[in-house]
Amino acid sequence: MKRVALLGMPNTGKSTLFNRLSGASARVGNWPGITVDLMSAKILLGGHIAELVDLPGLYDLHGFSDDEHVVRHFLSHHKVDLAMIILNGAQIDRQLSLALQIRSLGLPAILLLNMEDEAKRAGITIDTQAMGRQLNMPVLAISAKYGSGCQQALQLAAKTIAEHPSPSQPQLIASKLEADNQIEQEMHQIVESTVQMPLQLNDATTDRIDRVLLHPWLGLPLFFASIFLLFQFIFTIGAPLQEGMAWFFDTLRSAILEPVLASLPAWLNGLLLDGLYTGFSTVAAFVPIIVLFFLVMSMVEDSGYLSRAAFLMDTIMAKMGLDGRGFVMVLMGFGCNVPALMGTRVMRSRPMRLLTMLVIPLSLCSARLQVFLFMIAILFAPSQAALVMFSLYMVSFGTIFLTAILFKGKFKSHEPFVLELPPYRFPTPRQIWLRGWQEVKHFLQRATKFIVIGVVMVWLLTHLPMDAVPASPETWAGSIGRFFAPVLDPIGIDTQLAIALIFGFVAKEIVVGSLAVIYGLQGDALTQQIAMHIDWVQGMSFMLFTLIYTPCLSTIATLKSEGKSAGFMWLSLIWSLGLAWVISFIFYQTARALGY
Amino acid sequence: MQLNSLNPGESAVIDSIEADQALYQRLNALGFRPGKYLQVIRQAAFNGPLHVRIGSTDVIIRTHDARAIHLRPSPQHPESPIV
């Protein structure tokens, strides 16, 4: 099968073109030695199936950024039949260097000049025929966004491959990549003779919008307001959708699955329904929120506003070793950690991305909020409730700061902070929709197995041995709780609460439900029992622990798949467990020492 | 005279770039080359990054990184207050 590599600078519409050529068939490929997700798709090229690979955007084949390393690694380890280069027609005067660099590798290539519309608006004219002759490679003007020229691009690709039937030789490319080259002069000469550009380009609309959105005083408040509105939108629409999913799965269970499986032995029935089925529905519950998040995020990202967020928030975030884009993701984490972790993919420096992924699980997500609202209502007077809630949010912010400051030396980003500010663009609905769909597919592919296994394991722990009452201290979970008693007693967590924490490992949504199972009570009887059983100091310690330790299995699965490293997942797990214990310990012992 | 001391609204011509290789390559790829005309559009609050326009490209750059870019007064704009 022929392989076509799509290459281009960031913000040239490369991914838009990829989505247009691949339709919804794209998937995340596995390439040994590469730590970012590369999308690839099977496309029809001149009557044959070919593989189209979307390589990360790069400025310079010889550059030092993580993405530039990935591209070099790819080209020096995998055969490529054609390089499809996409450059921004409006910035051809500096982007042409990339085409020349790729040509010097000896790769068969075609050059696509994107955003014909934008370049036209800016008054740029390009003589593609003359440029093609000088470059000795076919040149075609296209619009990835509106699709004009895309079919011709495919035909051109098929024709070029037919003319150069032998694929690239990775070793040869590897050695060529090491030799530097004299590209500057040739680029200057080609641009001079084929491109006509007005002296100063001005995108008047972008300038006008920037004057408001990047205003010295108004910029930040406007940024906070717009992010707040976007998240409000996600959760206003997402909450009923999630409830709808929950209703659907409950109904399916009580109307069909329970009657059908009733004849099975109790243990098998429990394993299938409370283990496997709960696992699948836990995974499914994330689908609406992920779709919505990426619908909104791709709008923000493609519009060019995310780079502006980096500009506005940089001073504050730089102190934490993060950047402004990380801030948007951490904020999202207060809604739900999973899409926030997936969203860090916009950060192109791997160390900075990992640091952001390390702090996101510490943000108080809406699932933890449910546990806290339940516990606070039981243990605190209504007049104190708001203060307790507020203090939990402060602890969440505090742990984020602490973690970032402590780990910023370990995850040091060497990438210079020099970013392009693209003009504002309107993404098309098709672009937005494809993105949301791909992200969900990605999450389901990667997370399902992991989460189902985790749920089944927790079910086994809380239901075995078979003669024990489920979730009672006699189960294996109870034994684990007792085993850890020397560690858990100093933070005021007894065996029952320890079992609830084991359940909480799966998802915080089921903690309240698990307390009902653990105490064997429901409704008012349950709240009275808890109020009698534990005092407010223990309750607060339990909440602090719940806040800081691992948010849920889906988050762990996402940490692993996005970080592409089991070691990183363990670091995050162990750090948050340790931090949770230390903070609960300090709180519990101080409160007891003060006589509470 | 380096880029970090240029005020919003002011412009100049790049004289030289003195940066380590990573920063140099990135600047080069974004169009920062000796002899090129650039203009500072604005600066983010709290001494934040600069928003610089160079040719057809808008770039944000931390003041720390901007120190690598040495400037000379722009000939087309003799009224610009830099010397």
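All chains are named by letter (A, B, ...) in the order of the sequence lines, taking the proteins before the strands, and each is independently numbered beginning at 1.
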Exercise. Heavy-atom distance under 4.5 Å to chain A: side chain of B/H64, backbone, both or neither?
Worked result: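 Neither; nothing under 4.5 Å.
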Problem set entry | Portion of B/L27 that has a non-hydrogen atom of chain A nearer than 4.5 angstrom |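 B/L27 touches chain A through side-chain heavy atoms alone.
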Problem set entry | Exercise: identify the closest heavy-atom pair between A/T315 and B/A45 |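 Reported closest heavy-atom pair: OG1-O, 3.2 Å.
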Exercise. What closest approach, in Å, do A/V418 and B/R26 show between heavy atoms, and which atom pair accounts for it?
Worked result: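 Shortest heavy-atom separation between A/V418 and B/R26 comes out as O-NH1, 3.2 Å.
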Exercise. Just wondering, do A/L214 and B/R42 contact through their side chains at under 4.5 Å, heavy atoms?
Worked result: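 They are in side-chain contact.
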For this session: Decide if atom CZ of A/F224 counts as having more than 12 heavy atoms of other residues, nucleotides or ligands within a radius under 6.0 Å.
Result: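 Enclosed: over 12 neighbouring heavy atoms sit under 6.0 Å from CZ of A/F224.
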Problem set entry | Atom NZ of B/K36: over 12 foreign heavy atoms under 6.0 Å |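 Yes, NZ of B/K36 has more than 12 neighbouring heavy atoms, counting only those of other groups under 6.0 Å.
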Exercise. Do NZ/NE/NH1/NH2 and the carboxylate oxygens of A/D314 and B/R62 come within less than 4.0 Å?
Worked result: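 A salt bridge links A/D314 with B/R62.
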Problem set entry | Heavy-atom pair count under 4.5 Å with chain A, highest-scoring of B/A19, B/P49, B/G48, B/P8 |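 So the answer, after comparing B/A19, B/P49, B/G48, B/P8, is B/P49.
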For this session: Output the option from B/D65, B/V59, B/L30 having the highest count of non-hydrogen pairs under 4.5 Å with chain A.
Result: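 Between B/D65, B/V59, B/L30, the count favours B/L30.
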Less than 4.5 Å to any heavy atom of chain B: does that hold for the side chain of [X], its backbone, both, or neither?
{"X": "A/R211", "value": "both"}
{"X": "A/L220", "value": "side chain"}
{"X": "A/D210", "value": "both"}

Exercise. Between A/R94 (side chain) and B/A29 (backbone), is there a donor-acceptor pair under 3.5 Å?
Worked result: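 Yes, because the side chain of A/R94 sits within donor-acceptor range (under 3.5 Å) of the backbone of B/A29.
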Exercise. For the side chain of B/T57 and the backbone of A/E420, is there at least one donor-acceptor N/O pair under 3.5 Å apart?
Worked result: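 Checked: no pair found.
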For this session: Please name the residue in the list B/I60, B/L50, B/I61 that meets the side chain to side chain contact (heavy atoms under 4.5 Å, CB included) test with A/F311.
Result: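 Among the candidates, only B/I60 passes.
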